[in-house]
Amino acid sequence: MIPGLKKDVEAAVQEACQRLWGVPPPRVVLETPPKVELGDLALPVAFELAKVLKRPPRKIAEELAPALVLPAVVARRTVEGGGYVNLFLDRPRALARMLGPSGPPPAVPGKTVVEHTNINPNKAAHIGHLRNAVLGDVLVHVFRRLGRKVEVQNYLDDTGVQVADVVVGILRAEELIDPHRASALAAEIRTYLDSFPHDPPGAETRGLGDACWDLYALVGRSYAQDQGLEDARRETLRAVEGAALGETLHGAEAEAAALAGKLAEAVVRCHLKTMERIGVGYDLLPRESDILALHFWSRAFERLKAAGATHLETHGKNAGCWVMRLEGAKEFEGMEDADKVLVRSNGTVTYTGKDVAYQLWKLGVLGIDFEYEPAPYVTPFGDPEFVSSEGDAPLYRTRKDPTGADPAVRGRFGGGTTVINVIDVRQSYPQKVVKEAVRRAGYPEAADRSVHFAYEMVALTPAAADAMGVPLTDEDRARPFVEMSGRRGLGVKADDLLDRLVEKAREQVMARSGGEPPEPGRAEAIAVGALRAYMTRFSRNKVIAFDFDEALAFEGDTGPYLQYASVRAANIFRKLEAQGLTGRLDEAEAASVADLDPALLDDGLWDVVRTCGRTQETLEKVAETLEVSLLVRHALAVGAAFHHLYHTHPILQAEDEATRRARRAALQVVAATLEEVLGVLGVPVPDRM
RNA sequence: GCGCCCGUAGCUCAGCCCGGAUAGAGCGUCAGACUCCGGAUCUGAAGGUCCCGCGUUCGAAUCGCGGCGGGCGCACCA
């Protein structure tokens, strides 16, 4: 809570241990006591020492406590419980320090590349993608808050089978089950593509994603009944890859490839719009087609071959494939067939293979680079429709050739000293393969700089699936949750959930304001707050069994609870000023807080300050563990402490000036903390609720 | 079969990394809250074999081993 305090305390413990017993102390952990009355910091070192010294921890603590040489902000120390040494801060002095200017964090050398979102550009985004994007985005904010330079990439698999599936749906609509509906969807999709990069007159951007969603589900069901369609998919895929590789295509092939390119490009715009709604942005859109075009794979392939990491299989089930052998590797122990195909027998590269090349590039060891251009999404006025994650540049995408590329940004992207891949836990195996490939290609040091940020999926409760009218089998119904499936059309679309949240927020506002509708943006802010808190409050290795009632909750441990706390805090300052009283403390008054009577900072008031003091360590812990939920829980703790204070420590009605000053000071710390933490969480705070 | 994850209050989850202070929240239920900074709030109550067993330890929700139940992986899909 006080910069440098932790270090001082650690040093004091070490010194005392040496002096008293001549032993080096075990690691010094600083905890926060469960209640204010028990102090501000707890040292459980006596428990550790008990093992070495073979004496009861309580006795050790009683000897240790008075022997510690501590900085002056520590007012007193006590021994609690079985042997905790608890420290109590000089409250006025500590509070004055917390009110002091904090300044920007010292810059950390290097660059962190965070890759997230990565939605297949063939249909609307669903709530699982929201979890990915929100987790990634909050992580980006946390890193930046800690002084790290961050680059955000959203990888586009624009040459994959999923895109080919929808292309097949458009071209062969007549052959699908329910041809009538399929044809209508195909026609609708074409109107979108025709007016790209703008929406057709009277249509909404998201309509394209929705139409693709439905058509994709139809295609998925049709494959099961019509083998011919599978051939069409294969041909489409080949055409798409051929186009990327610069082959000259003709007739139907050329048409399919052009359609696929346009479709992916247009659907990505839908995703960017959806993410923009919740405040998520990117710096670069790397495209798989460019990875193919620039032969990134060839380069990676050479390295792998030179290092003996891959070989051409001559017989067995993988005959004709280039394979990476994984048996014997510790991580892959016990696997029945631990070999991974990188190049198929028909010569095409697997997704894993391409990912290896992309990963090498992100880590800065591939040796070749993309060209870059602003993303092709522009407003009717010709301005970029999307900007970089920090809003200071246009959004860029990769490009294969220098023609039309922006020379000013050449070499700007990739080459991360740390690379974080936000990808759900189901892809742990391929992620491990990619990392192993990087290692074996001769870059063990680079492999260590690459991190798979794994999180559990968002699934649907059977009730949620029912609520959407999705037919479930009896088997599904007996499960605790069912996985979403684009192919089955089973899932909750991100925009649909957002719409419902906005609608509910609007109703709530009106219910509280005597029917007056909220001004533009307010209901949206509340909706985004609710969504972001919901998506981040669970541990990342916990499956979210999506439930509408929980996601739409505005009371209790929710985003609106946090927003309300922040709004209330700001309100008090506003009211103070409206009554001719002083609101926020200026620098001089903040300094004077150190001289307040400590009795004015009673436990009730101090509790919230103490909680706010944990912000920095929480941010550090999030960065270290990649556990974003810690930050939401911290925010909720601050909010709860504040709301409690609100009812017990009136400020406008404070009995005297000194009391009011003490409370204003505490309030100022809370307001600043909430603003900071909600900013990092990306939870917007409206002027009013 | 092998690997990873989950199992804590009626429900949804913290706490487990790093063993220690009466196991904490929210929702739901019940009972309350000032003519005074917004009731999206607050106060209180009821509610727990921390999945089971064995072990380690002065001490286990937390560490180890063995089970049980559930989920997810283990493609020339991504």
Side-chain angles (χ1 to χ4, degrees), chain A residues 26-27 29 31 33-35 38 42 44 46-48 50-51 56-57 80-84 86 118 120 157 160-162 317-323 331-338 340-346 348-352 354-355 423-430 454 456-457 459 479-481 483 505 508-509 511-512 526 530 537-539 541-545 547 549-550 553-565 567-569 571-576 579 625 627 629-630 633 636-637 639-640 642-654 667 688-689:
Chain A
R27 56 165 206 286
V29 180
E31 294 175 6
K35 289 184 171 170
L38 291 170
F47 296 114
E48 299 282 333
K51 285 170 192 150
E80 305 282 348
Y84 284 97
N86 286 6
N118 301 5
N120 274 316
D157 185 4
V161 276
Q162 276 85 354
K317 69 179 178 104
N318 291 334
C321 299
W322 283 86
V323 165
E331 294 253 40
F332 301 89
E333 245 169 35
M335 286 193 50
E336 208 169 293
D337 174 17
K340 182 70 196 174
V341 171
L342 298 178
V343 181
R344 302 183 186 99
S345 52
N346 68 3
T348 58
V349 188
T350 60
Y351 181 85
T352 303
K354 284 176 272 196
D355 204 11
I423 304 175
D424 82 70
V425 73
R426 288 170 294 183
Q427 297 195 42
S428 292
Y429 166 70
E456 264 291 357
M457 63 177 162
R479 291 163 164 269
F481 50 79
E483 262 187 88
Q508 292 290 312
V509 169
R512 283 155 222 268
I526 294 168
R537 58 175 245 241
F538 304 97
S539 302
N541 55 3
K542 214 95 168 185
V543 174
I544 297 182
D547 180 89
D549 290 338
E550 276 179 35
F554 287 175
E555 289 171 14
D557 285 347
T558 64
Y561 176 92
L562 296 171
Q563 295 170 314
Y564 187 45
V567 166
R568 269 185 149 177
N571 244 348
I572 297 174
F573 285 124
R574 196 177 310 149
K575 288 249 162 152
L576 280 165
Q579 296 196 11
T625 61
E627 185 55 83
S629 64
L630 294 174
R633 296 188 178 285
L636 288 165
F642 165 71
H643 278 308
H644 174 71
L645 186 75
Y646 183 89
H647 288 271
T648 54
H649 291 65
I651 294 181
L652 284 168
Q653 308 298 324
L667 177 68
R688 295 186 299 153
M689 288 290 281

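Because the structure is predicted, anything quoted here is derived from the model rather than measured. Note on naming: letters A, B, ... go to the chains in the order of the sequence lines (proteins, then strands), and numbering restarts at 1 for each one.
A side-chain N or O of A:Asn346 and one of A:Thr348 form a donor-acceptor pair less than 3.5 Å apart. A side-chain N or O of A:Arg574 and one of A:Asn571 form a donor-acceptor pair less than 3.5 Å apart.
Of the P atoms belonging to B:C63 and B:U8, the separation is 16 Å, rounded to the nearest Å. Look at the C1' atom in both B:C54 and B:U29: the space between them is 39 Å, to the nearest Å. The same atom, P, is picked in B:G55 and in B:C18; the two are 24 Å apart, to the nearest Å. Nucleotides B:A23 and B:A60 are separated by 12 Å at their C1' atoms, to the nearest Å. Here the separation of B:G32 from B:C17, taken at their P atoms, is 43 Å to the nearest Å. Here the separation of B:G64 from B:C72, taken at their C1' atoms, is 25 Å to the nearest Å.
Using Watson-Crick or G-U wobble geometry with both donor-acceptor distances under 3.5 Å, B:G44 finds its partner in B:C30.
For A:His644 and B:U41, the shortest distance from a side-chain N or O to OP1 or OP2 is not below 4.0 Å. Contact between the side-chain N/O atoms of A:Asn541 and the OP1/OP2 oxygens of B:C6 is found at a separation under 4.0 Å.
Using a 4.0 Å heavy-atom distance criterion, A:Pro44 is classed as making no nucleic acid contact. Nucleic acid contact for A:Ser428: none, since no nucleic acid atom lies under 4.0 Å from a heavy atom of the residue. Nucleic acid contact class of A:Leu636 (heavy atoms, under 4.0 Å, all strands): none.
If you check distances only, the side chain of A:Thr350 never reaches the base of B:C76 with a donor-acceptor pair under 3.5 Å.
The two atoms that bring A:Phe481 and A:Ala459 nearest to each other are CD1-CB, 3.5 Å, heavy atoms only. When all heavy atoms of A:Ala565 and A:Phe642 are compared, the pair lying nearest together is O-CE2, 3.2 Å.
A:Met457 places its CE atom 15 Å from the P atom of B:G70, with the value rounded to the nearest Å.
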Can you check nucleotides 9-13 of chain B for protein contacts, nitrogen or oxygen pairs under 3.5 Å, and list what you find?
from: B:U12; atom 1: O2'; to: A:Glu550; atom 2: OE1; distance (Å): 3.3
from: B:C13; atom 1: O2'; to: A:Arg633; atom 2: NH2; distance (Å): 2.9

- Verify salt bridge (charged side-chain N to carboxylate O under 4.0 Å, His left out) between A:Lys35 and A:Glu80, making sure each step is shown before the conclusion. CA-CA 12 Å; A:Lys35 289 184 171 170; A:Glu80 305 282 348; over 6 Å; no

